[in-house]
Number of protein chains: 2
Amino acid sequence: MAASIHDVAKRAGVSIATVSRIINSSATVSDNKAAAVREAMEYFNYEPNQFGRGLVKQTSHMIGVYFPHSTGSIFDSDYNLELLKGMEQVLSRHNYSLVLISENDEYEKKKMAKPKFLEYVSQKRVDGLLISGLTQKSSAEEAFKQLLEEEYPMIYIGKRFHKKGYNVYAQYEVYMYKMVETLYQKNHRDILIHIWYMHKELFKNVADRIREHMPEVRIQLIISDSTGASDRKYWVENLKKYVQEEKYTAVCISGMESIGILLSASAELELHIPDDLSVIAVEHKKGQGQRSYPAIDAFYVPVFEMGAGAADLLIGCVEGQEISDHSMEFETVYIERESIKDRN
Amino acid sequence: MAASIHDVAKRAGVSIATVSRIINSSATVSDNKAAAVREAMEYFNYEPNQFGRGLVKQTSHMIGVYFPHSTGSIFDSDYNLELLKGMEQVLSRHNYSLVLISENDEYEKKKMAKPKFLEYVSQKRVDGLLISGLTQKSSAEEAFKQLLEEEYPMIYIGKRFHKKGYNVYAQYEVYMYKMVETLYQKNHRDILIHIWYMHKELFKNVADRIREHMPEVRIQLIISDSTGASDRKYWVENLKKYVQEEKYTAVCISGMESIGILLSASAELELHIPDDLSVIAVEHKKGQGQRSYPAIDAFYVPVFEMGAGAADLLIGCVEGQEISDHSMEFETVYIERESIKDRN
DNA sequence: CTGTTAGCGCATTCAA
DNA sequence: TTGAATGCGCTAACAG
């Protein structure tokens with residue numbers, strides 16, 4: 001058994017209260033006693049036990065991260081990894097730890113009473129929650145809204161959907177629109193748009209705006225779920241049909257993860273980029289588009305910064321600071337490269 | 001404040017001991033009392049507080065995951081993500097949670113007294129450790145070896161390097177050798193080998209074996225650190241020099257993350273695969289090689305399964321089971337596709 | 001500035 | 001089968 005505060009106190013010849021004061025710098029202690037305590041702590045290699053501390057303070061200094069959709073979706077890799085990195089950096093600087101929460105298989109199937117993140121919350125395993133990838137029909141939404149009502153410390157990544165709570169977002173609808181607009185300005189009128197299945201609903205508004213402001217543009221959605229996205233054949237067929245036969249001239253890609261396949265499919269069909277097909281993509285990780293040949297034009301979405309921002313906000317909530325803004329919006333940046341051809 | 005065991009006991013008209021017995025199914029309780037307790041638990045939405053429980057049992061049901069090298073290295077994304085997924089799946093099935101531990105910047109720079117994972121261990125925040133990416137000169141090695149000596153529950157991913165402890169590995173040296181051998185059998189004699197900086201030392205043994213068994217093979221290393229790997233120029237220059245000028249005919253790639261750049265660089269130089277250059281790669285995630293055009297031959301390393309295996313082993317250790325094998329070796333599988341040309 | 005003491009929520013031992 | 005009592009390691013209120 002590791003040494004406890006009593007062992008340290010005994011060796012230093014003081015009371016446990018004095019030791020506690022030193023650990024937490026919660027009160028002044030005379031120099032000689034402080035020195036004795038420090039010596040004893042070194043001697044035992046003492047670290048305060050988190051259960052004892054937690055029992056009194058009811059806080060774990062752990063933050064739960066909940067990504068309802070992360071299982072099996074390729075989409076997630078870059079995006080979620082960047083989010084995680086951003087979150088982790090901030091949390092660890094503030095001495096918080098990050099706990100991964102993922103639904104175990106049973107929840108969705110067996111209709112468990114509680115989603116797992118709720119357990120973490122009520123068992124006080126975590127002091128707050130960071131959430132990404134919430135969708136309309138997530139079975140956890142009920143529980144989620146309840147936490148929102150209780151003003152539990154919690155930040156979600158994505159569009160605001162409730163009057164309470166905090167969120168961090170990059171305006172999916174705005175940059176998807178801007179991508180089409182960018183192609184439009186280069187005189188493209190027939191545009192393929194690749195979106196992820198989970199964004200289908202969200203995209204409807206974008207489509208409306210496109211129809212309204214650029215009525216002469218013809219758009220065609222290419223929707224991928226997590227499996228279809230990894231399939232080259234799927235892309236080959238789409239390119240064959242829409243580019244070669246129906247003469248679409250440009251494509252918007254929802255994430256750089258898919259660029260490799262697109263380029264491969266194009267190569268297979270001997271489609272030249274940008275001459276036969278212009279490409280613009282969303283870039284979640286800085287510089288990704290530069291790695292391809294040709295380098296891909298992109299809207300950069302600062303996912304890392306979003307993760308970091310969310311974590312910052314959350315720490316503010318947890319530590320009870322007054323927070324004025326309930327939303328944190330991130331700007332996307334257009335990066336011009338070599339994959340768009342002006343049709344004039 | 002959430003309800004405690006006392007509230008439940010009071011409402012059910014029993015003692016807290018009885019409630020505890022129900023929570024833990026640790027003893028038989030008469031049916032009517034059990035029902036009353038269950039009703040009270042539902043009523044309060046009761047979840048046992050982890051601090052109280054932990055204080056008695058000194059276990060958190062949390063597992064720490066420590067990836068010393070994960071910061072800023074592109075290499076890690078696929079590999080580590082797959083590891084994490086495997087670990088997470090197993091852990092969550094057994095009701096353990098996964099805590100990410102990452103060195104905060106200060107440790108390496110300011111020479112902190114303790115690496116962070118040691119704090120987690122001594123503060124009892126975690127019941128065990130899962131480690132990947134340990135390198136020779138990691139500053140944490142000292143602390144790590146000490147834990148090994150104490151037989152702290154801990155699994156590391158990688159080659160065995162200490163008489164005690166448990167590890168899970170896929171024989172880097174073996175499959176790197178086999179990659180060259182595969183090309184050799186297709187009559188390649190001039191082979192580029194791409195390795196990560198951190199594997200430089202490890203590769204020396206492979207190089208020796210190659211020289212011994214295939215003396216007429218000329219090999220040239222292309223070493224990338226985390227930054228150089230993302231640079232297309234770097235690859236263009238290497239291909240220009242070695243393939244176009246010095247007539248190397250094949251290349252081994254250490255991970256599919258780099259295939260996109262390689263293909264882009266080849267396209268830029270109008271180098272055709274496999275006619276001008278044969279390619280073989282390591283595949284950490286099933287099916288990755290299939291996504292490119294041409295599809296890339298690969299040695300599949302079952303990283304997900306390794307993560308899952310490590311987690312399984314660890315849970316065994318934590319729960320005090322007898323474990324016979326201290327090592328778990330994973331087989332790699334060669335997947336033939338379209339990127340290697342027989343030089344005959 | 002310092003020590004004594006009372007819990008925090010729970011599992012567990014001992015009597016009954 | 002049950003309840004009372006103890007203590008896990010710590011913080012904080014209080015008294016000195």
Side-chain angles (χ1 to χ4, degrees), chain A residues 1-38 40-41 44-62 95 119-127 319, chain B residues 1-38 40-41 44-62 95 119-127 319:
Chain A
M1 189 64 106
S4 84
I5 197 172
H6 286 101
D7 303 313
V8 175
K10 190 176 290 174
R11 182 177 166 93
V14 300
S15 74
I16 60 165
T18 301
V19 178
S20 178
R21 284 177 188 116
I22 298 235
I23 297 169
N24 302 292
S25 335
S26 54
T28 46
V29 172
S30 70
D31 285 353
N32 53 343
K33 296 219 175 195
V37 169
R38 270 185 250 283
M41 297 203 320
F44 287 116
N45 235 308
Y46 171 74
E47 288 282 344
N49 180 305
Q50 294 306 299
F51 297 117
R53 171 173 292 182
L55 198 50
V56 176
K57 317 249 284 191
Q58 291 298 319
T59 125
S60 62
H61 259 64
M62 302 239 177
N95 271 309
E119 266 185 36
Y120 280 71
V121 169
S122 28
Q123 296 181 349
K124 305 263 185 181
R125 282 177 180 281
V126 297
D127 295 345
E319 300 187 344
Chain B
M1 188 64 107
S4 85
I5 197 172
H6 285 101
D7 303 313
V8 174
K10 189 175 291 175
R11 181 178 167 90
V14 300
S15 74
I16 60 164
T18 302
V19 177
S20 178
R21 284 177 189 116
I22 299 231
I23 296 170
N24 302 294
S25 337
S26 54
T28 46
V29 172
S30 68
D31 285 352
N32 54 344
K33 298 219 175 198
V37 169
R38 269 185 250 283
M41 297 204 318
F44 288 115
N45 236 308
Y46 172 74
E47 288 282 344
N49 180 304
Q50 295 305 300
F51 297 117
R53 170 174 291 181
L55 197 51
V56 176
K57 317 249 287 190
Q58 291 298 319
T59 123
S60 63
H61 258 62
M62 301 239 178
N95 270 311
E119 266 185 36
Y120 280 71
V121 169
S122 26
Q123 297 181 348
K124 305 263 187 179
R125 281 178 182 280
V126 296
D127 294 345
E319 300 188 343

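In the text below, chain A, chain B and the rest are named by the order of the sequence lines, each starting its count at 1.
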Nearest-Å distance, [atom1] ([X]) to [atom2] ([N])?
{"X": "B/Asn32", "N": "D/dT2", "atom1": "CG", "atom2": "C1'", "result": "12 Å"}
{"X": "B/Ile5", "N": "D/dT6", "atom1": "CD1", "atom2": "C1'", "result": "15 Å"}
{"X": "A/Lys10", "N": "D/dG9", "atom1": "NZ", "atom2": "C1'", "result": "14 Å"}
{"X": "B/Ile16", "N": "C/dT13", "atom1": "CD1", "atom2": "C1'", "result": "13 Å"}
{"X": "A/His61", "N": "D/dT11", "atom1": "NE2", "atom2": "P", "result": "12 Å"}
{"X": "B/Asn49", "N": "C/dG7", "atom1": "CG", "atom2": "P", "result": "18 Å"}

Which nucleotide in the list [options] gets nearest to the side chain of [X]?
{"X": "B/Ser30", "options": "D/dT2, D/dC10, C/dC10", "value": "D/dT2"}
{"X": "B/Lys57", "options": "C/dA11, C/dG9, D/dC10", "value": "C/dA11"}
{"X": "A/Val56", "options": "C/dA11, C/dG7, C/dC10", "value": "C/dG7"}
{"X": "B/Val14", "options": "C/dG9, C/dG3, D/dG3", "value": "D/dG3"}

Shortest non-hydrogen contact between A/Ile23 and A/Ile5, atoms and distance
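That would be CD1-CD1, 4.3 Å.
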Counting just side-chain N and O atoms, does B/Asn24 come under 4.0 Å of either OP1 or OP2 of C/dA11?
yes
At a cut-off of 3.5 Å, list every protein nitrogen or oxygen paired with a nitrogen or oxygen from nucleotides 14-16 of chain D, distance to 0.1 Å.
none

Here's a test of your reading of the structure: between B/Thr18 and B/Leu55, which maps to the more 5' nucleotide of DNA chain D?
B/Thr18
